[in-house]
Amino acid sequence: MTGTKSPSSTVHVVGAGLAGSEAAWQLAEAGIDVVLHEMRPDRMTEAHRTATPAELVCSNSFRSDDAANNAVGLLHAEMRRLGSLIMRAADANQVPAGGALAVDRDGFSAAVASALEAHPRIELRRGEVTGLPPAEWTSVVIATGPLTSQPLADAIRGLTDETALAFFDAIAPIVHKDTIDMSKAWFQSRYDKVGPGGTGADYINCPMTREQYDAFVAALLAGEKTDFKEWETNTPYFDGCLPIEVMAERGHETLRHGPMKPVGLTNPHNPTVKPYAIVQLRQDNKLGTLYNMVGFQTKLKYGPQQQIFRTIPGLENAEFARLGGLHRNTFLNSPKLLDHELRLRAQPRLRFAGQMTGCEGYVESASIGLIAGLYAAAEARGGSLAAPPPTTALGALLGHITGGHIETIDGATRSFQPMNINFGLFPPLAVAPTKKPDGTRLKGNEKTVAKKQALSARALADLDRWIAEHLRVAAAA
Ligand SMILES: Cc1cc2nc3c(=O)[nH]c(=O)nc-3n(C[C@H](O)[C@H](O)[C@H](O)COP(=O)(O)OP(=O)(O)OC[C@H]3O[C@@H](n4cnc5c(N)ncnc54)[C@H](O)[C@@H]3O)c2cc1C
């Protein structure tokens with residue numbers, strides 16, 4: 001962080017959720033005065049139950065805490081190194097959960113609240129921000145989350161030219177490409193169509209026989225689904241994103257005439273037999289490490305999803321970077337609307353953080369709050385902060401939000417979808433490990449484990465270097 005001005009200007013943070021609380025903390029710790037605005041309890045969201053900052057609206061889990069083998073565990077480790085308040089409060093309020101970091105939700109939120117309230121540079125101000133922040137707030141971090149109140153959501157929409165900010169987002173599962181069995185699946189675009197940005201072989205195709213299709217449709221119909229909450233029933237479906245099980249309910253053959261159409265494709269492993277149905281997966285990130293299941297948005301519960309989708313030939317051992325789901329969400333088309341420091345291009349005094357930016361999950365939201373706070377602090381000091389390396393979990397997630405998606409492939413404009421942190425977002429290793437420390441060759445799953453461990457080690461080393469070069473220098477100044 002470089003800077004010449006003395007810390008004088010106040011930064012306003014809107015929303016004391018996971019991201020806003022962390023952003024306010026980072027700003028205050030960097031010597032910047034903060035007003036943290038929170039509408040609860042005056043106005044509640046459909047999911048929050050308390051007035052406490054950083055309330056966990058659903059599960060009490062921060063997921064895996066394994067920094068060596070799991071991308072979210074790595075993100076935990078990086079946030080701890082960056083002095084995260086959310087991680088400090090989580091660590092102090094752990095409950096037993098195997099390898100996961102789960103917390104006593106009330107103790108966790110109370111710890112965040114008392115740290116914020118005790119900080120001399122933070123004022124927690126209750127009240128809804130009901131429109132665009134006033135012009136005299138020259139630096140604002142908006143972290144109002146997936147349930148942003150309507151007047152503010154409307155005001156933001158007015159600035160962005162987007163048709164909608166809140167809708168049921170179509171979340172289809174995303175698979176790690178290296179877990180797809182290419183001895184059964186193959187690359188091909190329908191009718192070998194090249195299209196802008198394509199090669200004619202852009203999709204991974206998984207073939208099904210009639211028996212496999214029949215069993216698959218039956219499993220979809222029988223699989224346990226999540227229920228819509230009452231308030232969710234008033235929000236429209238995003239155009240063209242009917243869940244697959246809803247399509248299956250409309251008729252046994254509906255999917256075969258929709259996303260599972262077996263036309264324009266030839267199975268090179270068995271060219272004389274025409275598949276009865278085909279599941280297609282499309283590249284999901286620039287790196288080509290992740291593929292999403294085309295048209296497979298679903299309300300099936302996570303367990304049945306994994307079980308049913310692994311019956312698809314080629315996906316028997318699939319590892320999912322994200323499972324499917326449909327819920328109301330408010331998020332920006334960030335790659336288009338935000339610059340690389342999370343500022344709204346149309347009005348750079350407004351910076352965004354948390355789930356609104358297109359990350360998914362408590363930890364991810366808090367981490368984007370953390371980096372937004374650091375960016376805003378650097379700016380308030382009259383300087384700027386170099387981006388965290390893309391090889392770190394924080395940098396990889398930020399890269400996804402501010403540009404890692406692909407805009408067009410096979411001629412269709414792609415929409416930006418929220419994402420959990422996962423190793424598919426990281427740039428590949430220069431050299432993938434092939435041998436164990438004792439010199440013997442890695443086999444099968446050992447290679448995947450060694451790759452994740454090498455990505456994690458690289459991330460932590462690069463983060464430490466970035467902290468030393470860009471943050472310690474600022475702290476000492
Ligand atoms: C129903 C539901 C269930 C979820 N379950 C999980 C889960 O189990 N695990 C998981 O990891 N993630 C879950 N998520 C995602 C979760 O919301 C995010 O992971 C995380 O809470 C987002 O953090 P945030 O800081 O962006 O938003 P939030 O934590 O929601 O914080 C936003 C804050 O802004 C306030 N606010 C909103 N509008 C205004 C306004 N106009 N003025 C002032 N304040 C305002 C809100 O009251 C809130 O305190 C769930 C989301 C929803 C909607």
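Computed from a predicted structure; not experimentally measured. First listed ligand is number 1; within each ligand, the first listed atom is number 1.
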- Item | Structural part of P53 in contact with ligand 1, heavy atom criterion under 4.0 angstrom | neither
- Where the closest heavy atom to atom 45 (C) of ligand 1 is concerned, which of M39, H37, Q355 has it? M39
- If you measure from the Lys or Arg side-chain nitrogens to the Asp or Glu carboxylate oxygens, is any gap between D464 and R81 under 4.0 Å? yes
- Task: Would you check if the distance from the ring center of F108 to the ring center of Y362 is below 6.0 Å?
- Result: no
- Message: Using a 4.0 Å cut-off to any heavy atom of A143, which atoms of ligand 1 qualify?
- Response: 32 (C), 33 (C), 34 (O)
- Pick, from V363, T144, I368, the option with the minimum heavy-atom distance to atom 39 (C) of ligand 1. T144
- Task: Answer yes or no: does an N/O atom from E38 fall short of 3.5 Å to an N/O atom of ligand 1?
- Result: yes
- Side-chain ion pair, R126 and E38, N-O less than 4.0 Å: no
- Evaluate the ring planes of H12 and H37, with Trp represented by its six-membered ring, and classify them as parallel (under 30°), tilted (30 to 60°) or perpendicular (over 60°). parallel
- Query: Would one find an N or O of S61, backbone or side chain, under 3.5 Å from an N or O of ligand 1?
  - Reply: no
- Task: Return a yes/no value for L18: is any of its N or O atoms, backbone included, closer than 3.5 angstrom to an N or O of ligand 1?
- Result: yes
- Backbone or side-chain N or O of Y362 under 3.5 Å from ligand 1 N or O: yes
- Query: Is the closest basic N to carboxylate O distance between K447 and D178 below 4.0 Å?
  - Reply: no
- Would you sort out whether F352 and F331 count as a ring-ring contact (aromatic ring centres under 6.0 Å, His included), showing the intermediate values? CA-CA 10 Å; F352 284 82; F331 67 95; over 10 Å; no
- Query: What is the minimum heavy-atom distance between P53 and R40, and which atoms define it?
  - Reply: CA-NH2, 4.2 Å
- Using distance alone, determine whether V14 and ligand 1 share an N or O pair under 3.5 Å. no
- Query: Using heavy atoms and a threshold below 4.0 Å, how should the contact between S365 and ligand 1 be classified: side chain, backbone, both, or neither?
  - Reply: side chain
- Message: Under 4.0 Å from a heavy atom of G354: which atoms of ligand 1 are those, numbered in the order shown and with their elements?
- Response: 26 (O)
- Query: Which ligand 1 atoms, with their elements, are less than 4.0 angstrom from a heavy-atom of A19?
  - Reply: 25 (O)
- Looking only at distances, please establish whether an N/O atom of ligand 1 is found under 3.5 Å from an N/O atom of S149. yes
- Message: Centre-to-centre under 6.0 Å for Y302 and F320, is that the case here?
- Response: no
- Show the numbers, then the answer: is there a side chain to side chain donor-acceptor pair (under 3.5 Å) between S84 and E22? CA-CA 7 Å; S84 161; E22 184 68 59; 2.7 Å; yes
- Message: I need the contact type for E360 against ligand 1. Using non-hydrogen atoms and a strict under-4.0 Å cut-off, is it side chain, backbone, both or neither?
- Response: neither
- Which is it for L152 and ligand 1 at heavy atoms under 4.0 Å: side chain, backbone, both or neither? side chain
- Task: May I ask you to decide whether R121 forms a salt bridge with D33, counting only side-chain N to carboxylate O separations under 4.0 Å?
- Result: yes
- Contact check: P146 vs ligand 1, nitrogen or oxygen atoms, below 3.5 angstrom: no
